[in-house]
Number of protein chains: 2
Amino acid sequence: MNLNKEKANPSQKILLTAFECLSTRGYANVSMRDIAGASGVALSQLTYYFKNKEGLFTEVINMMIHQYLLEIEDNLQAAADAKEKIESLIRFFKELIRNRPKLLRLFIDFTAQALWVPSFREQVDSLFNKLTKIIEKNILADMELGKKLRNCSAKSVAKLILGALYGTSIQIMLGSDQDSVFESLNLAESILN
Amino acid sequence: MNLNKEKANPSQKILLTAFECLSTRGYANVSMRDIAGASGVALSQLTYYFKNKEGLFTEVINMMIHQYLLEIEDNLQAAADAKEKIESLIRFFKELIRNRPKLLRLFIDFTAQALWVPSFREQVDSLFNKLTKIIEKNILADMELGKKLRNCSAKSVAKLILGALYGTSIQIMLGSDQDSVFESLNLAESILN
DNA sequence: ATGTTGGTCGGACGTACGTCTTAATTTTAT
DNA sequence: ATAAAATTAAGACGTACGTCCGACCAACAT
């Protein structure tokens, strides 16, 4: 976070601190008091701005989704052809794992919470759909894989790609031997070409 | 669970009830008292047998891993050739999603907890490794995909397959439109052949 | 019969939680 | 300058939590 936490308005400050806490220790292990304390704000401020813990987490996730979805789409549209786009997508995931593991952890945690909290679930579903559409539009539109498998809908292909990237990333985050899974991502890239 | 909960010894009874509660409402949303009440046992019995909530969840997961790892391996070894084995593996995941979603939910939840609880993390890592080995040994040993990609280690291929199946399953569990993701699993099958 | 052991039970302990209320303070609009 | 609104602060409320303790009770060995 290179945003200046001090100068931001309080709700931004809370959001950024909340991201830090949640992505470091997990939704279940962070209390509203922790976040209030860490952002130097009264507990009731959190309620005032975000109603409750669920609302706060929702906004943290929204902030992240907004930021990184744009980033992905920019990267993809900057790439010239399908091959470069795939490379860019895989690079994004690698970079996520290596340099922004907190973000990935936050998202994995969020995904699991979504199993039990309806509003989270809608959010996750919407994100998955957006990602699928991005992959579909940018990568599958004009490549031979699309033709090769045109008996399947492009949506299914995109979902499989997304699933593979996500599932592989989870293994990396949780596994002890990270190298072989990074290899898996490279492999995914070469399969797609 | 077709095991007879009534006749089982108390620790088994607790385990089965715990599975039911945890897989229905999630680790964070189930209390020790809930489980004790549902299994008709005093709260302190849970502590007596499993020390604490973490220990109880660990044993629930162990029970499931033991049961379904055997099942997967049996299925795979019963299949004649690589093609059948792949079919069997995909069928297992489909069946998991369709008929035993509780188990899958439990596992996804567990995976997320593993981000923050070291003992869970070891358990997940070990499970992922076992699954990878199973895929590696049964599917990749003698098929042309193995040769086609022999510049990558078999382990990486197996991890990619596992990641794809797991990531796709998560999308199904959380998504509204399940059909297109089932299609993705079919697609995974045809890619592997 | 008696003592011992492993299992069972209800309940209490201290803590932490999310939420809510109420009041003080600052900002904004008139 | 004053009224209204928005923001901040502090604290209490009730609840739920995981853990722990001491009393029972059954079975069994002595």
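Atoms considered below: every heavy atom in the structure, side chains included; atoms not considered: hydrogens, waters and symmetry mates.
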Please answer whether the main-chain N or O of B:Tyr27 pairs with a side-chain N or O of B:Lys53 as donor and acceptor at a distance below 3.5 Å.
yes
Q) Does OP1 or OP2 of D:dC17 have a side-chain N or O of B:Ser31 closer than 4.0 Å? A) yes
Residue-phosphate contact under 4.0 Å: A:Tyr49 side-chain N/O, D:dT8 OP1/OP2
yes
Among C:dC9, D:dA9, C:dC17, the one nearest any side-chain atom of B:Val41 is C:dC9
To the nearest angstrom, the CG-C1' distance between B:Asn29 and C:dG18 comes to 14 Å
B:Thr47 has its side chain closest, among C:dA12, C:dC9, D:dC20, to D:dC20
Checklist entry - Between A:Phe120 and A:Phe110, is the gap from one ring center to the other below 6.0 Å? => result yes
The answer to which of B:Glu54 and A:Tyr48 contacts DNA chain D further toward the 5' end, by nearest nucleotide, is A:Tyr48
Of D:dC21, D:dA9, D:dA6, the nucleotide closest to the side chain of B:Ser44 is D:dC21
Here the distance between atom C1' of C:dG6 and atom CD of B:Gln45, to the nearest Å, is 11 Å
Separation of C:dG18 atom C1' from A:Phe50 atom CZ, nearest Å, is 16 Å
A:Leu46 CG to C:dC17 P, in whole Å, measures 13 Å
In whole angstroms, the gap separating P of D:dG11 from CE of A:Met32 amounts to 19 Å
Rounded to whole Å, CG of A:Leu43 lies from C1' of C:dA23 at a distance of 16 Å
Q: Go through the steps for A:Lys102 and A:Glu20 under the test salt bridge (Lys or Arg N to Asp or Glu O under 4.0 Å), then give the verdict.
A: CA-CA 8 Å; A:Lys102 282 183 188 171; A:Glu20 201 58 28; 2.3 Å; yes
- Query: Given D:dT19, is OP1 or OP2 found less than 4.0 Å from the side-chain N or O atoms of B:Asn52?
  - Reply: yes
Here the distance between atom P of C:dA16 and atom NZ of A:Lys53, to the nearest Å, is 14 Å
- Side-chain contact test, heavy atoms from C-beta onward, threshold under 4.5 Å: evaluate it for B:Leu69 versus B:Leu127 and give yes or no. yes
* To do: Please confirm whether A:Phe50 and A:Phe57 have ring centers closer than 6.0 angstrom.
  => no
Atom NZ of A:Lys13 and atom P of D:dT7 are separated, to the nearest Å, by 14 Å
